[in-house]
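Sequence lines set the chain letters: A, B, ... in the order given, protein chains first and strands last, and positions in each chain run from 1. This structure is a prediction, so every number in the text was calculated from the model and none was measured.
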Protein chains: 2
Amino acid sequence: MGLMAAVPAPPSPSMAAPSAPPSDPLGDDLGWALGVLFRAYAKSSHAALSNVPGGPRGYQVLATAVRETPRTQLALAHQLGVDRTVMTYLLDDLEKAGLVTRQPDPADRRARRIVATDRGRERLRELDARLGEVEAHLLAGLPDAEQSTFRALLQRLAGHVNTADPMTDTCQAVAEIDAC
Amino acid sequence: MGLMAAVPAPPSPSMAAPSAPPSDPLGDDLGWALGVLFRAYAKSSHAALSNVPGGPRGYQVLATAVRETPRTQLALAHQLGVDRTVMTYLLDDLEKAGLVTRQPDPADRRARRIVATDRGRERLRELDARLGEVEAHLLAGLPDAEQSTFRALLQRLAGHVNTADPMTDTCQAVAEIDAC
DNA sequence: TATTGTTATACTCTATAACTATA
DNA sequence: TATAGTTATAGAGTATAACAATA
């Protein structure tokens with residue numbers, strides 16, 4: 001049983017991982033492999049997104065602003081799973097960089113709609129191209145056919161995991177833990 | 001291009017993730033799926049390891065102490081990819097819990113060899129059982145045959161990624177970034 | 001009174017540097 | 001002088017709470 005390293009909470013991304021799977025006589029090592037792959041992707045995408053204020057999360061905000069109909073800050077925060085106070089900082093920086101603007105919501109004068117600027121749209125195209133390279137490079141160790149297989153299986157798994165109630169599931173899987 | 005949420009550095013584990021892949025007209029969404037799966041595993045394993053001081057990293061130290069020949073703190077730190085100062089705190093807690101002991105290195109009086117106690121060995125067995133359940137549950141959305149396929153492909157990918165020089169690779173993948 | 005967004009404060013975790021003891 | 005381990009300090013990043021404007 002491997003377990004990816006440094007799972008819990010890297011405040012500064014301690015993305016270092018064990019260079020070898022902890023001796024696991026029983027065979028496979030899902031946690032370790034998953035952690036290695038995730039960290040590799042996180043590291044590469046972080047580099048690919050050094051262009052965006054806020055890094056990966058700034059990218060997500062920008063992408064949502066470009067691709068979906070304008071949303072309020074709070075809606076954006078919920079959708080992306082970040083705190084609303086963090087969203088404020090993120091938007092401050094993105095707006096300063098001229099990639100998005102805060103516009104008054106005609107229906108609610110408390111709220112602000114986040115819309116991408118032309119510059120933001122253009123920037124997003126660059127970033128998506130870079131991310132495409134990162135993804136391709138991450139899978140480069142596999143022949144094409146197996147890349148497709150892996151992507152498909154991963155997608156299906158993520159769909160299942162995402163659909164299921166996370167907390168219920170966690171407690172089912174680890175029934176003997178009292179904290180649940 | 002999805003990109004898992006909150007990639008960079010959750011000081012407190014902001015493990016929240018977008019509940020849906022950012023609209024991606026081009027099809028697949030590797031980053032999002034990888035992030036969802038990783039976070040699900042991180043969350044479940046964190047719960048499964050609430051029993052160990054230091055959480056997932058405490059588990060790794062314990063597992064290494066049990067399964068490999070005794071190592072010095074510094075060797076452990078390098079092997080697991082953590083700072084040596086963090087290793088001190090980790091070992092303080094593990095030793096306080098009676099799971100490992102610091103023993104003098106006969107060859108170097110500066111160094112300490114980390115060895116697991118009987119209690120530590122027993123605890124590790126429990127934890128491995130729990131992690132096994134977590135892994136099984138994570139893959140439960142796939143039929144058995146495809147679980148094996150996924151595990152095998154993931155393992156191969158992790159092997160490749162881990163072998164390649166990470167920094168060189170990152171810069172190759174994102175050639176236009178000056179920071180490299 | 002409740003809610004959107006902002007600001008200020010405290011907390012968590014990590015990395016940096018300074019210190020002790022050995023080599 | 002360099003290294004193993006410890007301790008103290010500062011830093012990055014998040015969450016909590018208090019605040020202003022509006023509903």
In this structure, how many angstroms lie between the [atom2] atom of [N] and the [atom1] atom of [X], rounded?
| X | N | atom1 | atom2 | result |
| --- | --- | --- | --- | --- |
| Q79(B) | dA4(D) | CD | C1' | 17 Å |
| E95(A) | dG5(C) | CD | P | 13 Å |
| K96(B) | dT6(D) | NZ | C1' | 13 Å |
| Y89(B) | dA15(C) | OH | P | 11 Å |
| D83(B) | dA4(D) | CG | P | 13 Å |
| M87(A) | dG5(C) | CE | P | 10 Å |
| L90(B) | dT14(C) | CG | P | 9 Å |
| D105(B) | dT22(C) | CG | C1' | 12 Å |

Set out, line by line, the N/O atom pairs under 3.5 Å between protein and nucleotides 1-4 of chain C.
from, atom 1, to, atom 2, distance (Å)
dT3(C), O4', R110(A), NH1, 3.3
dT3(C), O2, R110(A), NH1, 2.7

Worksheet item: Which atom pair, heavy atoms only, marks the closest approach of P53(B) to L94(B)?
Response: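 In this case the closest contact between P53(B) and L94(B) is O-CD2, 3.8 Å.
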Worksheet item: Contact class for R102(A) (heavy atom, under 4.0 Å): base, sugar-phosphate, or nothing?
Response: sugar-phosphate
Worksheet item: Out of T117(A), D93(A), L62(A), which residue meets the side-chain contact (heavy atoms from CB on, under 4.5 Å) rule with V100(A)?
Response: L62(A)
Discussion item. Treating T149(B) as the side-chain partner and A145(B) as the backbone partner, does any N or O pair qualify as donor plus acceptor under 3.5 Å?
Written reply: yes
